[in-house]
There are 2 protein chains.
Amino acid sequence: MELDNLDIKTLTLLCQRGRMTWAELASQLGLSAPAAADRVKRLEERGLITGYSAQLDAEALGLTLTAFIAVTLDQPHHREGFLAEVQATAEILECHHVTGDDDYLLKVRCCHTRALEALITHRIKAIAGVVKTRTLIVLSTVKETQTPPLGHLKES
Amino acid sequence: MELDNLDIKTLTLLCQRGRMTWAELASQLGLSAPAAADRVKRLEERGLITGYSAQLDAEALGLTLTAFIAVTLDQPHHREGFLAEVQATAEILECHHVTGDDDYLLKVRCCHTRALEALITHRIKAIAGVVKTRTLIVLSTVKETQTPPLGHLKES
DNA sequence: TCCATGGCCTTATTTTAATAGGTGAATGTG
DNA sequence: CACATTCACCTATTAAAATAAGGCCATGGA
């Protein structure tokens, strides 16, 4: 059940062009279309590929404001409510439990500073147990990819 | 050139299932397949959809370690080299210029703590101008989506 | 040596995508 | 008010892609 270099190339190509046809993929891999489709199917079944997604331009959609919010929770019994609210809030794209001074790090996206204010004061700070937040506004984004590094898997 | 509710639903559906067929999409929208395909094509041409991507399971690929690294740069003339290195490093998934005590916030992903150590000491701290880094290790991830909030666009 | 397995090939069939042509509602204009 | 234009959509057709079937060959184990 190891990954060979063609599998890695497959993953790389499908991260770049998620809707490419099997024939296109196959020609890049030097295989026939059914063979390429088989490989992709296997990668899906193994859980390495979890799905496919359209990539949207957040700015074009009016989501010009991105921020990271560090959250401190006072008591562990407040966690459940916090996590539920995080899941229910579309503006919260990511929520990680992290080491350091704060407990959670959120990545959020919204349209205005006013919307950010509403998000922080009416949603996040309204959650029971949230005792402190610290917000970092994103001024510009240099790089933003979802494609994980695959170099460490290469054989030979 | 406004977005109607069908466009928003289209974006939502394509974020969830990026390889769905036009016929599937059309039935969810209550349209014919060519009409749905036309709408998607227009969304692509307008730049709202920038592409499609396979979603990979980072853990299944052995990338069990995620971290955020805050970087402080001492002088503005070092920026160019820093940005180039960021682009060239696959382990750095994101790099944002942020407000606050530090200049940049990186999101990185790698396999071990050893790989993280190598990344920090041999790549990031090796860049001219990097005077300070502060690392937050991700203990667990509660939520991690790429799909931006679209509720603010809904009409009626 | 022989058999089983796995990955790939080619071919055939089914499904999907792309294209063309036409209809009706909404809009703007003589 | 009549008319032309535009736009989004439809259906029908054609081209392309996905899927399924059957066979080949290399690899590994009994």
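Each chain gets a letter, A, B and so on, in the order its sequence line appears, and its residues count up from 1. What you see below is based on every heavy atom in this structure, not just the backbone, and it leaves out hydrogens, waters and symmetry mates.
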Original post:
Got a salt bridge between A/K107 and A/E144, using NZ or NE/NH1/NH2 to carboxylate O under 4.0 Å?
Top reply: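 Yes, A/K107 and A/E144 are salt-bridged.
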Original post:
Judged by atom type as modelled, is there a donor-acceptor pair below 3.5 Å linking the side chain of B/D102 to the main-chain atoms of B/A70?
Top reply: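 Looks like no, no N/O pair under 3.5 Å.
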Original post:
Is there a donor-acceptor contact under 3.5 Å from the side chain of B/T64 to the main chain of B/E59?
Top reply: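 The answer is no, because no donor-acceptor pair under 3.5 Å joins these two groups.
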**OP:** Quick one: closest heavy-atom pair of A/L29 and A/L6, and the distance?
**Re:**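 In this case the closest contact between A/L29 and A/L6 is O-CD2, 3.6 Å.
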**OP:** Please tell me if the side chains of B/L14 and B/M20 come closer than 4.5 Å, counting only heavy atoms from C-beta onward.
**Re:**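 Heavy-atom side-chain distance check passes, below 4.5 Å.
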Original post:
If we only count heavy atoms from C-beta on, is the A/R46 to A/L3 side-chain gap below 4.5 Å?
Top reply: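 In short, these two side chains touch, coming nearer than 4.5 Å.
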When the distance from [atom1] of [X] to [atom2] of [N] is rounded to whole Å, what number comes out?
X     : N      : atom1 : atom2 : value
A/E45 : C/dG7  : CD    : P     : 12 Å
A/D38 : C/dG6  : CG    : C1'   : 11 Å
A/L29 : C/dG7  : CG    : P     : 15 Å
A/K41 : C/dG7  : NZ    : P     : 14 Å
B/Y52 : C/dA17 : OH    : P     : 11 Å
B/E44 : C/dA17 : CD    : P     : 13 Å

Subject >> ring-ring contact (aromatic ring centres under 6.0 Å, His included) partners for B/F82, two or more places apart >> reply: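 ring-ring contact (aromatic ring centres under 6.0 Å, His included) list for B/F82, sorted by chain: B/Y104.
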**OP:** Quantify the bending of the helix from C/dT1-D/dA30 to C/dG30-D/dC1 as the angle between its end axes, each fitted on five pairs, to 10°.
**Re:**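 It works out to 20° between the end axes.
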Original post:
Taking DNA chain D as the partner, which of residues 14-26 of chain A come within under 4.0 angstrom of it by heavy atom?
Top reply: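 Those residues are A/T21, A/W22, A/A23.
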**OP:** Is it possible for you to say whether B/L11 and B/L25 belong to one hydrophobic cluster, with membership spreading through side-chain heavy-atom contacts below 4.5 Å?
**Re:**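 Same cluster.
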**OP:** Determine the contact category for B/A35: base if any of its heavy atoms lies under 4.0 Å from a base atom, sugar-phosphate if only primed atoms, P, OP1 or OP2 are that close, otherwise nothing.
**Re:**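 Answer is sugar-phosphate: B/A35 comes under 4.0 Å of backbone atoms only.
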Subject >> With B/V142, the side chain to side chain contact (heavy atoms under 4.5 Å, CB included) member among A/R79, A/H96, A/E94, A/Q87 >> reply: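 Per the side chain to side chain contact (heavy atoms under 4.5 Å, CB included) rule, the option paired with B/V142 is A/Q87, out of A/R79, A/H96, A/E94, A/Q87.
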Original post:
On DNA chain C, nearest-nucleotide positions of A/G30 versus B/A33: which is more 5'?
Top reply: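 Here A/G30 is the residue nearer the 5' end.
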Original post:
Is there a side-chain polar atom (N or O) of B/S32 under 4.0 Å from OP1 or OP2 of D/dC10?
Top reply: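 Yes, such a contact exists.
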If you only use heavy atoms from C-beta on, which nucleotide in [options] is closest to the side chain of [X]?
X     : options               : result
A/L6  : C/dC8, C/dC9, D/dA12  : C/dC8
A/P34 : D/dA12, D/dA8, C/dT11 : C/dT11
B/L31 : D/dA8, D/dC10, C/dG7  : D/dC10

